[in-house]
Amino acid sequence: MSKSKQAILRFYNTASRSIEEFTLPKDVPAVRMYCCGPTVYHYAHIGNLRSYLFEDFLRRTLEYFDYEVNHVVNITDVGHLTSDQDEGEDKMEKGAERTGKTVWEVAEYYTQAFFKDIDLLNIVAPTLWCKATDHIPEQIDLVQKLEAKGYTYNTSDGVYFDSLKFDRYADFARLDVENLQKGARIDMGEKKFVTDFALWKFSPADSQRAMEWPSPWGKGFPGWHIECSAMAMHHLGPTLDIHCGGTDHIRIHHTNEIAQSECATGQTFARFWMHGEFLRMGESSKMSKSSGDFLTLKVLLDQGYHPMEYRLLALTSHYRNYLNFSFEALDSAKDGLRNLHRRTDPLIGKATAISSDSALKWQHDFKSAMSDDLNTAKALGILNSMLRSDLDDGEKSALVLDFDKVLGLQLDKTMPEKAKQSSLATEEIEALIAQRDQAKAERNFIESDRIRDELANQGIKLQDTPQGTIWESE
RNA sequence: GGCGACAUACCCAAGUUGGUAAGGGACGGCUCUGCAAAAGCCAUAUUCCCCGGUUCGAGUCCGGGUGUCGCCUCCA
């Protein structure tokens, strides 16, 4: 235990744009980690999921290095408009329209769907999931604090944060505020400055919103960024050790979170900011959840892929680089996982202590790869090289289990069962295999090869082993 | 219009402080096998988008160019 602490964790901190050594302040017993979660108006797509995988690699790495982690992830179940003005549709209400459900049902449905994806991908559940709608009082409280300190002003449609009053506003995202002003694509409305943003929005007088709450400013709903600040600070305190999210959040969402949080408390909001880069689709670009055109995990599953295959694909690239998704790449992850299991499955149950110098060296190499800003691709390379080495099975087995604490590929279990997609029933397949075995025994290879071909046409692959014939479907 | 990222073999992809290109997949050869598969072995970028420069030495630093993409509107 003390041994692993010797390795130094180093992460890229968006705030400083450089790699820094990660340590915990002396009086802090557990890592205070907050990650921006999904807005549950639709399914999470595989690009979203890549981010949660990155956060999972981070969480598992911290624990691998003996840190206790207090990990909070929010569920945004309150709709935000598509712009500061009321010109856009509320995401949740749009989801309700699309599905014919109430906004609350929509939130519940997609929250459950999200949990299922997380579970399938073997992502460790956060210590706490928190919902925006369960923390309305905390959000109102935070807005009131800002109001009391003079950081807000009201317009006819809401309470706004006065970003010019926070002189470090542009620092985090290295914004060029003057040019932002010129290039703004969105109508300012009554806002005083481009970077000002809504803390609380008033419900329109003429229509009833599906989600609205009473507040000191009248009926309305929270602004887009306040929930994260309110929940993060409510559950983890004024300062977080790590705050994660997608890179798209840097400019707007996280900049605003910092502004409102630090103005309210006067303390640093987050010590480390870590951002996951996007998944790209072929030549086109990123997947867009709001456009409705995206790939979900379920689509992958329906096509016969296993969640661990996607997880392996995510592991092969670095979280701060684009990952170019293609089915060709997924297929290679699929074969890669199969090949990995061919090496690890025979080791199951053979684990001994990791004690030899060479075993400790492999472990050290793996650890240093992960400590180097989560170099999962390198760590995977070490796993492969270790498996091909002349280390004995007991230590190999133990190392596989050890590495998998971070990789999370479920290598402690045998190759996952593939969905049986053949039109043939299992009994028919086994009957044909029996016939083939008979033919083989009679050395009637013409017949045995005919059966092999027949099954191959059905997508069934046969493999003769010392233990008999086994099969798997494509 | 502003800001920024990336460019490594057929595909995915790693490359600390510059020192002579991980790993995975596919493909090819050999051994083994009735066949096939598995397994094992071997091979596989004189080269890192292009052009200059710094250096004994650059994928790695500097300058210029080209290309792709992202953000500036909710978005991981």
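Throughout, a chain's letter reflects where its sequence line sits, starting with A, and its residues are numbered from 1. Predicted model, so just to flag it, every value in this text is computed and none were measured.
Taken from NE2 in A:His306 to CZ in A:Arg311, the straight-line distance is 12.0 Å, to the nearest 0.5 Å.
Nucleotide B:U66 forms a Watson-Crick or G-U wobble pair with B:A7, both donor-acceptor distances falling under 3.5 Å.
The C1' atoms of B:A9 and B:A5 are separated by 24 Å, rounded to the nearest whole Å. Rounded to a whole angstrom, the distance from the P atom of B:C11 to that of B:C42 is 26 Å. Nucleotides B:C50 and B:G23, compared at atom P, are 24 Å apart to the nearest Å. Comparing the C1' positions of B:U68 and B:G25 gives an interatomic distance of 24 Å, to the nearest angstrom. Going from the C1' atom of B:A7 to that of B:A43 covers 28 Å, rounded to whole Å. B:U44 and B:G2 are spaced 46 Å apart, taking the C1' atom of each and rounding to whole Å. Annotation: B:A22 and B:A45 have their P atoms spaced 10 Å apart (nearest Å). Comparing the same atom, P, in B:U20 and in B:G59 gives a spacing of 11 Å after rounding to whole Å.
The side-chain contact (heavy atoms from CB on, under 4.5 Å) with A:Phe114 is formed by just one residue from the set A:Tyr43, A:Tyr109, A:Tyr52; it is A:Tyr52. Among A:Thr127, A:Leu240, A:Leu58, A:Asp241, the one residue that satisfies the side-chain contact (heavy atoms from CB on, under 4.5 Å) test with A:Met33 is A:Leu58. Here the options are A:Phe172, A:Phe272, A:Phe269, the test is ring pair (Phe, Tyr, Trp, His ring centres under 6.0 Å), and the partner is A:His243; only A:Phe269 passes.
Atom-to-atom, CZ of A:Arg280 to P of B:C12 comes out at 12 Å; the value is rounded to the nearest Å. Rounded to whole Å, the distance from NZ on A:Lys440 to C1' on B:G34 is 9 Å. Here the P atom of nucleotide B:C69 and the CG atom of A:Asp248 are 18 Å apart, to the nearest Å. As a whole-Å value, the separation of A:Glu309 CD from B:G25 C1' is 13 Å. What separates CG of A:Asp449 from P of B:G34 is a distance of 12 Å, to the nearest Å. Rounded to whole Å, atom C1' of B:C74 lies 16 Å from atom CG of A:Asp77. Atom C1' of nucleotide B:A9 and atom CG of A:Asn324 are separated by 16 Å, given to the nearest angstrom. If you measure from atom CZ of A:Arg320 to atom C1' of B:C69, you get 18 Å, rounded to the nearest angstrom.
Put simply, the side chain of A:Arg342 and the base of B:A38 share no donor and acceptor less than 3.5 Å apart. No hydrogens or angles were tested; on distance alone, nothing pairs the side chain of A:Asn375 with the base of B:G15 as donor and acceptor under 3.5 Å. Below the 3.5 angstrom threshold, one finds no donor paired with an acceptor across the side chain of A:Arg174 and the base of B:C3. At a cut-off of 3.5 angstrom, the base of B:C75 holds no donor-acceptor pair with the side chain of A:Asn48.
OP1 or OP2 of B:G25 has at least one side-chain nitrogen or oxygen of A:Asn339 nearer than 4.0 Å. For the OP1/OP2 pair of B:C74 and a distance below 4.0 Å, the side-chain nitrogens and oxygens of A:Arg251 include no atom meeting the criterion.
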Assess the residue pair A:Glu21 and A:Leu9 against the criterion (side-chain contact (heavy atoms from CB on, under 4.5 Å)); give the C-alpha distance rounded to whole Å, side-chain angles, the decisive distance to 0.1 Å, and a yes or no. CA-CA 6 Å; A:Glu21 191 174 314; A:Leu9 276 175; over 6 Å; no
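In this structure, A:Asp196 contributes its side chain and A:Phe193 its backbone to a donor-acceptor pair below 3.5 Å.
Mapping A:Arg10 and A:Leu380 onto RNA chain B by nearest heavy atom places A:Arg10 at the nucleotide closer to the 5' end.
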